[in-house]
Engineer: 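Before I ask anything, let me first share the structure, which is written out below as structure tokens.
Heavy atoms only: backbone and side chains are in, while hydrogens, waters and symmetry mates are out.
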Amino acid sequence: MPEIHPFRIMKDAVNWTEIKKELQKDSNGKKIEYSYTGAPAVDVLVIFKLLLLQRWHPASDRKVIERAKTDVSYRFFLDVPLPLRLPDYSNLSKFRTLWGDKKVKEIFDIVFKQIQSYGFADVSKGVVGDTTHGFFRLQRPTARNLLLDCLKKYLTSYHSFVASFPSQFDKPLIDQTLKEFEEWEELYKAKLLSKELSREDRLREVVIKVHQVKTIINQTFTSGNFANINQTKEYYLFIGISEVLDQIISENITISNTKPEFQEDKSKNKPKEQPKDQPKEQPKDQPKEQPKEQPKEQPKEQPKEQPKDQAKSANSILEAAASPNAVVSQKKGERKIISAVDPEARIGCKHGKTFFLGPKIPIIRTNDGFIADIYAMSGAPSDMNQLQTMIENTIQRTGQIPESADFDKGFSSLTNRMYLHSLGIQPGIDFDNVVNKRNEFSFGTDKFIVNLDELSVTCPNNVTTSKKSDIPKSSSYTFYFPKDKCDTCPLRKLCTTNKNGRTVNVSKYQYILDADKKFLSSESYKEGVKYRWQLEGLNGTLKSQEKLGDIPYRGLAKTNLHVRLVGIVRNLKTLTKKLLPYVSTASSISPISGHAAF
């Protein structure tokens, strides 16, 4: 194996004994036990190295084992020479489950501290942060298809559960229900092909069928403690699918009972005063239209393990859909469940333009190219709220507080700036362009001179005002310019269209914002911008080489495991490049404070 081969450098540079000691425990800190009979135990370090190779050269579990059988560099790195056998590919999945995201995060911390022992990854000199995103391997079905697919799983899982307890359940009734559902499904698909149903009726028929099936199951279901572990797993599988079904109904379906009322109002042709009286008359008619108060016995029949608010919301929607006047439609414009396979998957948005189905991935990078923090989160929340989490994770991992933290405009909020200043960190964050929301061509607040010592504001026409409103819980003052001055001002057309005069909002922490603006013209900030562009390049490299954006697993926990493995591999690749110049000068690698040597 050549001395400059990255696997050889990495094998010598990393303290694998420390990592192996940690890998012998599961995600809960318990020692992984092995049977004293049967085949020899699998080496946990070999499994973990295979997971690293799987991200180094992205491949499936089967493919990485197949390559390791014939690739000499793989076997050298794994310490499994020919003709010794490699573990079966199924062990990779088993140990991913045993270790979980928590254990991989601990290994990430160990590797990062070892890198720091060579004098690299100095966080105190400054960090840069950003958020990228990935893509789940999921289709985005309509609410109707999503509800129908989950209803199938709900009914079949309950049927298999009842089959395990024939003496405790009415199995013939459930068999008949399943058979009727299959017949209904065939008839429903035929109606869709013939286009007999309107768009609203397509969804309404599925919702009514869900209501019928849930009513039958709630009548026959009884919770209890089961001795057989396999039957207990079936029980909790049914409970989990039931919760997902309730979540789909409550987040995707909306009911309105307005169809008949609109027809009556149009035919009466009454004067305009009647809408004012209508709200008084509506409460009298509501009990007739809303049958929500009638079925009070159903909550007693629901399993205790389901979330109460979610189950109640789903049941109320199903009851309302059964009304002949109900209009069933899909909710729009909300972050909602979109997959029964991965209930945690959400639609995300970047820069208010790009929509994607996948997680957001915040990343913190040191100035010399190492990843100090990386994790996955739901795609729905805003990037801005992740700055504090990223900085806290970095400080906790390294014990160092960076001098500066560079982020893009997406993190430019007063809360983030105040947080960084509270830790003694200089924010290297650009400001959003300040414009008048009503008229983008008018003067922004940056054209006014603010004096916080005297609490006054001077406009571009050299008019000063100290009249203001100060709300205690607000983080800003609102200054008002005199109406008579604004009416006669020659710059009025470029300033405001408000008939009462111009108003200006000024932050109570304007002195901090002014200091940050001054920092943006310094050489330190210009240097930080270079590192920020390097982070943009790193994001692209992670997606192209380590397949960071191609999420192969389901759920945020497994997605975090994938993301952190990518972070470990990228840090090891960077470490081998940093140590490469020293390969020709010595035969072994040893960490020395302040620099890397052999």
Engineer: Can you see which heavy atom on Ile248 is nearest to which on Ile337, and at what distance?
Structural biologist: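 Result for this residue pair: CA-CG2, 3.6 Å.
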Engineer: Around atom CZ of Arg62, are there more than 12 heavy atoms from other residues, nucleotides or ligands closer than 6.0 Å?
Structural biologist: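 No, because the 6.0 Å sphere around CZ of Arg62 holds 12 heavy atoms or fewer from other groups.
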Engineer: Starting at CD of Glu546, measure out to CZ of Arg55 and round the result to the nearest 0.5 Å.
Structural biologist: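 One finds 9.0 Å between CD of Glu546 and CZ of Arg55.
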Engineer: Should Ile568 and Val104 count as side-chain neighbours, where that means a heavy-atom distance under 4.5 Å?
Structural biologist: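 Side chain of Ile568 against side chain of Val104, heavy atoms only: contact under 4.5 Å found.
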Engineer: His133 vs Phe135 aromatic rings, parallel, tilted or perpendicular, using cut-offs 30° and 60°?
Structural biologist: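 Geometry flag for Phe135 against His133: perpendicular rings.
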Engineer: Should we say atom NZ of Lys543 is surrounded by more than 12 heavy atoms from elsewhere, each under 6.0 Å from it?
Structural biologist: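 Yes.
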Engineer: Would you tell me whether Glu180 and Gln176 have side-chain atoms, one donor and one acceptor, within less than 3.5 Å of each other?
Structural biologist: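 Glu180 vs Gln176: donor-acceptor pair found between side chains.
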Engineer: Show the nearest heavy-atom pair for residues Asp130 and Met390, with the distance to one decimal.
Structural biologist: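 Asp130 and Met390 have their closest heavy atoms at O-SD, 4.2 Å.
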Engineer: Side-chain contact, heavy-atom cut-off 4.5 Å: Asp383 with Asp408?
Structural biologist: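 Asp383 vs Asp408: side chains apart.
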Engineer: So which atom in Ser507 and which in Leu414 form the shortest heavy-atom distance, rounded to 0.1 Å?
Structural biologist: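 Looks like OG-CD2, 3.9 Å.
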Engineer: Could you go step by step and tell me if Val207 and Ile249 meet the side chain to side chain contact (heavy atoms under 4.5 Å, CB included) rule?
Structural biologist: CA-CA 8 Å; Val207 173; Ile249 296 168; 5.9 Å; no
Engineer: Test Ile371 against every option in Leu542, Leu535, Ile364 by the side-chain contact (heavy atoms from CB on, under 4.5 Å) rule and name the one that passes.
Structural biologist: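 Result for side-chain contact (heavy atoms from CB on, under 4.5 Å) with Ile371: Leu542.
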Engineer: Looking at every heavy atom in both Ala557 and Glu344, which two are closest together, and how far apart are they?
Structural biologist: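 Where Ala557 meets Glu344 most closely, the heavy atoms are N-OE1, 4.5 Å.
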Engineer: Do Pro427 and Asn416 have side-chain heavy atoms sitting under 4.5 Å apart?
Structural biologist: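 Side-chain contact under 4.5 Å: no.
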Engineer: When you measure from the side chain of Ser242 to the backbone of Phe238, do you find a donor-acceptor pair of N or O atoms at a distance under 3.5 Å?
Structural biologist: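 Such a contact is absent between Ser242 side chain and Phe238 backbone.
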Engineer: For Lys191, run the salt bridge (charged side-chain N to carboxylate O under 4.0 Å, His left out) check against Glu196, Glu205, Glu185, Glu186 and tell me which one passes.
Structural biologist: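 Among Glu196, Glu205, Glu185, Glu186, the one that satisfies the salt bridge (charged side-chain N to carboxylate O under 4.0 Å, His left out) with Lys191 is Glu205.
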Engineer: Applying side chain to side chain contact (heavy atoms under 4.5 Å, CB included), run through Lys103 and Leu98 and close with a yes or a no.
Structural biologist: CA-CA 9 Å; Lys103 180 60 60 177; Leu98 276 175; over 6 Å; no
Engineer: Any donor-acceptor pair under 3.5 Å linking the side-chain atoms of Asn385 with those of Ser382?
Structural biologist: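 Absent: no donor and acceptor within the cut-off.
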Engineer: For the pair Ser339 and Asp342, evaluate side-chain hydrogen bond (donor to acceptor under 3.5 Å, both in side chains) and give the outcome as yes or no after the intermediate values.
Structural biologist: CA-CA 5 Å; Ser339 173; Asp342 187 358; over 6 Å; no
Engineer: Checking the side chain of Arg346 only, and the main-chain atoms of Pro381 only, is there a donor and an acceptor separated by less than 3.5 Å?
Structural biologist: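 Checked: no pair found.
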Engineer: Looking at Phe108, is Arg397 sitting on its ring face, NZ or CZ under 6.0 Å from the six-membered ring centre and within 45 degrees of the normal?
Structural biologist: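 Negative - Arg397 is either too far from the ring of Phe108 or too far off its axis.
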Engineer: When the ring planes of Phe48 and Trp99 are compared, do they come out parallel, tilted or perpendicular, using 30° and 60° as the limits?
Structural biologist: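 Geometry flag for Trp99 against Phe48: perpendicular rings.
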Engineer: Which pair of non-hydrogen atoms, one from Phe356 and one from Cys349, has the smallest distance, and what is that distance?
Structural biologist: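 Scanning both residues completely, I find the closest heavy atoms to be CE2-N, 3.5 Å.
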Engineer: So Ile255 and Glu319, do their side chains get closer than 4.5 Å, heavy atoms only?
Structural biologist: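 Glu319 vs Ile255: side chains apart.
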Engineer: Distance from Tyr235 atom OH to Leu237 atom CG, nearest 0.5 Å?
Structural biologist: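 The OH atom of Tyr235 sits 12.5 Å away from the CG atom of Leu237.
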Engineer: Decide, yes or no, whether a salt bridge links Asp101 with Lys105 under the criterion of side-chain N to carboxylate O below 4.0 Å.
Structural biologist: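 The answer is no: the pair does not qualify as a salt bridge.
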Engineer: So which heavy atom on Ala345 is nearest to which on Leu357, and how close?
Structural biologist: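 Shortest heavy-atom separation between Ala345 and Leu357 comes out as CB-CD1, 4.2 Å.
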Engineer: Backbone N or O of Ile429 within a donor-acceptor pair of the Ser412 side chain at under 3.5 Å?
Structural biologist: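 Checked: no pair found.
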Engineer: Between the side chain of Asn28 and the main-chain N/O of Lys30, is any donor-acceptor distance below 3.5 Å?
Structural biologist: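 Checking the backbone N and O of Lys30 against the side chain of Asn28, no donor-acceptor pair under 3.5 Å is found.
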Engineer: Could you check whether any side-chain heavy atom of Leu151 comes within less than 4.5 Å of a side-chain heavy atom of Val213, counting everything from C-beta outward?
Structural biologist: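 Sidechains of Val213 and Leu151: in contact.
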Engineer: Supply the atom-to-atom distance Leu155 CG to Ser160 OG, rounded to the nearest 0.5 angstrom.
Structural biologist: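 With rounding to 0.5 Å, CG (Leu155) is 10.0 Å from OG (Ser160).
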Engineer: Do the non-hydrogen side-chain atoms of Gln54 and Lys63 ever get within less than 4.5 Å of each other?
Structural biologist: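 Not touching, per the 4.5 Å side-chain cut-off.
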Engineer: How many angstroms lie between atom CD1 of Ile65 and atom CG of Asp88, to the nearest 0.5 angstrom?
Structural biologist: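 Result: 7.5 Å between the selected atoms.
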Engineer: Tell me whether Lys214 is salt-bridged to Asp246, with the criterion being a basic N under 4.0 Å from an acidic carboxylate O.
Structural biologist: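 Salt bridge between Lys214 and Asp246, a charged N being under 4.0 Å from a carboxylate O: yes.
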Engineer: Do Leu561 and Leu565 pass the side chain to side chain contact (heavy atoms under 4.5 Å, CB included) test, and can you show the C-alpha distance, the side-chain angles, and the key distance before you say yes or no?
Structural biologist: CA-CA 6 Å; Leu561 183 145; Leu565 281 173; 3.6 Å; yes
Engineer: Do Tyr188 and Lys209 come within less than 4.5 Å of each other through their side chains, counting heavy atoms only?
Structural biologist: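 Of all side-chain heavy-atom pairs linking Lys209 with Tyr188, none is under 4.5 Å.
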Engineer: Does any part of the side chain of Phe407, heavy atoms only, come nearer than 4.5 Å to the side chain of Gln386, both counted from C-beta?
Structural biologist: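 No - every pair of side-chain heavy atoms lies 4.5 Å or more apart.
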Engineer: Show, in sequence, the C-alpha distance, side-chain angles and deciding distance for Tyr158 and Ile216, and conclude whether the side chain to side chain contact (heavy atoms under 4.5 Å, CB included) test is met.
Structural biologist: CA-CA 11 Å; Tyr158 188 70; Ile216 295 173; over 6 Å; no
Engineer: Where the side chain of Asn252 meets the backbone of Gln330, is there a donor-acceptor pair that is under 3.5 Å apart?
Structural biologist: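 Such a contact is absent between Asn252 side chain and Gln330 backbone.
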